[in-house]
Structures are given as structure tokens and as C-alpha cells.
Amino acid sequence: MLTTTDVVGGYGSVQILNGVSLKVVRGQIVALLGGNGTGKSTMLKVLSGLIKPWRGSIVFDGERIDGMRPDRIVRRGLVQVTQGKEAYPAMTVEENLLLGAHVCTDRAARARGLARAYEYFPILKERRRQLSGTLSGGQLQMLCIGRGLMSEPKMMLLDEPSAALAPQLVLDIFRTIGRICRDGMTLLMVEQNVRMALLLAEYGYVIKDGVIHLEGPAEKMINDDAVRLSYLGGTVAGRDEKMAL
Ligand SMILES: Nc1ncnc2c1ncn2[C@@H]1O[C@H](COP(=O)(O)OP(=O)(O)O)[C@@H](O)[C@H]1O
Ligand SMILES: [Mg+2]
């Protein structure tokens with residue numbers, strides 16, 4: 001569904017990505033992992049067109065999208081979910097959701113989008129008339145994922161969906177992400193919560209020094225010493241957590 005080849009890019013004259021090649025198979029969840037400041041968010045911004053890559057190619061759903069405008073990329077079905085803090089606090093929950101549908105011209109598509117967002121996140125339906133500034137951190141994160149769903153994308157890019165959430169909420173959000181995938185979505189997910197991300201994902205990539213340093217099936221990676229020692233603090237995934245997902 002998505003293939004990047006030797007993507008190079010950065011900010012101004014500062015090169016951050018030194019040739020990132022990765023692949024996301026249709027219908028899968030792929031985790032993009034790595035330490036702080038290694039370029040994970042930068043890579044997502046390049047994929048969604050917010051930053052233009054300097055070199056390399058990005059093929060999405062059979063078409064080159066590198067250098068394409070962000071709204072065109074959204075129209076082709078690739079959407080980046082921004083973090084919770086990027087919701088507009090003075091607009092209602094529903095108004096914020098509808099912003100995600102700005103590329104949809106027909107009412108039916110907007111109604112379908114809302115129904116879907118509310119199905120995954122019933123709390124957003126309950127609070128649809130409230131200002132999003134009154135939502136909790138977890139609800140804001142749900143709002144942003146819901147907003148991403150509004151344009152009926154084929155694939156979503158999630159940047160740390162579990163950031164700053166209480167443990168119970170982390171489980172909830174990961175469960176819902178799993179459900180969204182089972183319902184036919186393809187997902188590339190950046191996460192600090194490496195263990196949970198690898199439990200949910202099919203495949204994982206670790207970015208370091210602007211290139212893919214390690215990759216493999218998630219199940220294998222979670223038991224891989226290099227990953228475990230660098231990011232998991234020496235612990236292995238708990239059976240209970242796997243069951244909970
Ligand atoms: N808007 C920006 N302008 C300049 N440098 C940036 C900008 N955003 C991020 N960077 C730098 O790019 C590097 C990678 O950042 P980022 O992709 O956000 O890392 P990650 O998401 O892996 O933590 C960091 O050194 C960061 O300081
Ligand atoms: Mg980041």
C-alpha cells in the first residue's frame with residue numbers, strides 16, 4: 001500500500017532523514033519506533049506532504065505522492081492524525097470532526113464519517129455539542145483519530161496516539177486502533193510505548209541516525225535483544241497485555 005525508497009529530507013539545510021526505506025502492507029499495522037528526535041514525526045510529515053522530501057520516492061496505492069500537496073495526498077486516501085493538542089478548543093467536538101471532512105464535498109460522506117467516528121468513540125457522540133477545550137487528554141486523542149477517519153481514508157498515519165495517557169486509556173486507544181485496522185484500515189503508527197505497539201502491529205521498524213536501523217515481524221522484534229535492551233528496559237511483553245488487546 002505504501003513504499004518509501006531512500007527518502008531524504010529535513011528542515012532548512014538540516015538533514016534529518018538520511019534515506020528511509022520502508023513498506024506498509026495493506027490491512028496491516030506497522031510500528032515506526034526509535035528514540036526521541038530520531039526523525040519519526042519528520043518521516044510522517046514527509047509522507048503526508050507537510051514537508052517535501054529532498055530525494056527518494058514515496059509510492060502510495062500505486063502512485064507517486066512525493067512532492068504532492070498535502071490536500072491531494074488526503075484526497076488519495078492517506079491521512080495523518082495530528083496529536084490531541086492540535087484540536088481547536090473553541091469549536092465543538094462535532095465541528096472539529098467535520099474539519100477532517102473538508103475534502104469531502106458531499107453530505108452523505110460527512111454523515112458516514114461522523115457515524116463512524118461516533119461508533120468507535122461513543123463518548124465523542126455524547127459530547128458532540130461541547131467545546132473540545134473541555135475534553136480530557138484521552139478524549140482529545142480520540143477526537144483527532146475520529147477527525148482522521150472523516151475523509152474515509154485508506155491509510156492513516158498515527159503519531160504517538162498513546163502519548164500522555166493514563167494506562168487504562170492507553171489500552172482503550174490501542175484496542176480501538178486494532179478494531180479500526182480489522183475493519184479494513186492500514187496504519188503506520190509512531191509510538192513511544194514500544195511494547196504495546198509491537199503487540200498490536202504486524203511489523204516494526206526502528207529508525208536511528210535518520211535511517212532504518214532494525215526491522216522485522218513485530219512478534220520477532222519484541223523478543224529481539226537489541227530492541228528489548230534499547231527500548232523495552234529489558235522486559236518482555238506480558239501475556240496478559242497481549243490477551244487484553
Ligand atoms: N520544525 C522543525 N524545524 C527544525 N528542526 C526540527 C523541526 N521539527 C523537528 N526538528 C528536528 O528534527 C529532528 C527530528 O525530530 P522529530 O522528527 O520530531 O523526532 P521524533 O518524532 O523521532 O522524536 C530533531 O532533532 C528536531 O529537533
Ligand atoms: Mg515525534
Side-chain angles (χ1 to χ4, degrees), residues 2-24 29-58 60 65-71 73-74 78-87 137-138 140-145 147-148 155-166 169-170 173-174 177 187-198 200-201 203-216 218 221-222 224 226-233:
L2 179 85
T3 305
T4 79
T5 311
D6 293 327
V7 168
V8 174
Y11 305 93
S13 60
V14 183
Q15 187 170 321
I16 305 290
L17 305 173
N18 300 317
V20 177
S21 301
L22 54 80
K23 203 173 274 194
V24 181
I29 299 180
V30 172
L32 180 58
L33 312 167
N36 244 332
T38 48
K40 303 180 299 296
S41 296
T42 303
M43 184 62 187
L44 294 193
K45 286 185 231 166
V46 165
L47 295 175
S48 61
L50 296 175
I51 304 177
K52 291 212 187 311
W54 302 352
R55 284 199 300 282
S57 77
I58 304 169
F60 173 69
I65 58 161
D66 43 280
M68 213 181 255
R69 272 182 11 212
D71 59 307
I73 293 175
V74 169
L78 180 60
V79 159
Q80 179 168 6
V81 171
T82 51
Q83 284 186 325
K85 54 181 187 274
E86 283 154 54
L140 279 174
Q141 201 54 263
M142 294 175 196
L143 176 62
C144 288
I145 297 174
R147 191 165 58 186
M155 177 172 171
M156 290 167 99
L157 307 167
L158 301 176
D159 199 350
E160 301 196 21
S162 79
L165 298 186
L169 279 177
V170 171
I173 218 114
F174 273 92
I177 291 169
L187 294 153
L188 178 62
M189 177 171 68
V190 166
E191 258 302 328
Q192 291 289 334
N193 197 331
V194 171
R195 211 149 70 136
M196 290 292 269
L198 287 176
L200 191 63
Y203 203 84
Y205 289 94
V206 176
I207 190 169
K208 191 181 173 191
D209 300 326
V211 294
I212 299 300
H213 181 66
L214 268 173
E215 67 175 277
M221 267 195 140
I222 211 158
D224 180 273
V227 178
R228 197 161 71 213
L229 295 176
S230 322
Y231 304 108
L232 302 182

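Counting starts at 1 for both ligands and their atoms, following the listed order. For reference, positions follow the sequence shown, starting with 1.
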Visitor: Determine whether Leu2 and Val30 make a side-chain contact, defined as any pair of heavy atoms from C-beta on separated by less than 4.5 Å.
Guide: no

Visitor: Less than 4.5 Å apart, side chain to side chain, heavy atoms only: is that true for Leu157 and Val81?
Guide: no

Visitor: Mind checking whether Gly39 has an N or O less than 3.5 Å away from an N or O of ligand 1?
Guide: yes

Visitor: Show me which atoms of ligand 1 lie under 4.0 Å from any heavy atom of Thr42.
Guide: 14 (C), 15 (O), 16 (P), 17 (O)

Visitor: Tell me, do Ile207 and His213 make a side-chain contact under 4.5 Å, heavy atoms counted?
Guide: no

Visitor: Determine whether any protein heavy atom is located less than 4.0 Å from atom 27 (O) of ligand 1.
Guide: no

Visitor: Tell me whether Glu160 contacts the main-chain N or O of Ser162 through its side chain, where contact means a donor paired with an acceptor under 3.5 Å.
Guide: no

Visitor: With side-chain hydrogen bond (donor to acceptor under 3.5 Å, both in side chains) as the criterion, how do Asp66 and Ser57 come out once you've worked through the C-alpha distance, each side chain's angles and the decisive distance to 0.1 Å?
Guide: CA-CA 6 Å; Asp66 43 280; Ser57 77; 5.0 Å; no

Visitor: Checking a contact table here: which protein heavy atom is nearest atom 24 (C) of ligand 1, and how many Å away?
Guide: Gly37 O, 3.8 Å

Visitor: Just to confirm my output: which protein heavy-atom neighbour is closest to atom 12 (O) of ligand 1, and how far is it?
Guide: Ile16 CD1, 3.2 Å

Visitor: Find out whether Ile212 and Leu22 are in side-chain contact, i.e. whether some heavy atom of one side chain is under 4.5 Å from a heavy atom of the other.
Guide: yes

Visitor: Taking only heavy atoms of Asn36 into account, list the atoms of ligand 1 that are under 4.0 Å away from them.
Guide: 23 (O)

Visitor: Minimum distance, heavy atoms only, to atom 18 (O) of ligand 1: which one of Ser41, Gly12, Gly10 is it?
Guide: Ser41

Visitor: In the complex you have, is atom 2 (C) of ligand 1 within reach of the protein, judged by whether a heavy-atom distance drops under 4.0 Å?
Guide: yes

Visitor: Look at atom 9 (C) of ligand 1 and say which protein heavy atom is nearest, naming residue and atom and giving the distance to 0.1 Å.
Guide: Tyr11 CE1, 3.4 Å

Visitor: Please state whether the separation between the Mg ion (ligand 2) and some N/O/S atom of Thr42 is under 2.8 Å?
Guide: no

Visitor: Please tell me whether Lys23 and Tyr205 have a donor and an acceptor in their side chains that are separated by less than 3.5 angstrom.
Guide: no

Visitor: Could you list which atoms of ligand 1 come closer than 4.0 Å to a heavy atom of Thr38?
Guide: 19 (O), 20 (P), 22 (O)

Visitor: How about Arg55 and Val7: do any of their side-chain heavy atoms sit closer than 4.5 Å?
Guide: no

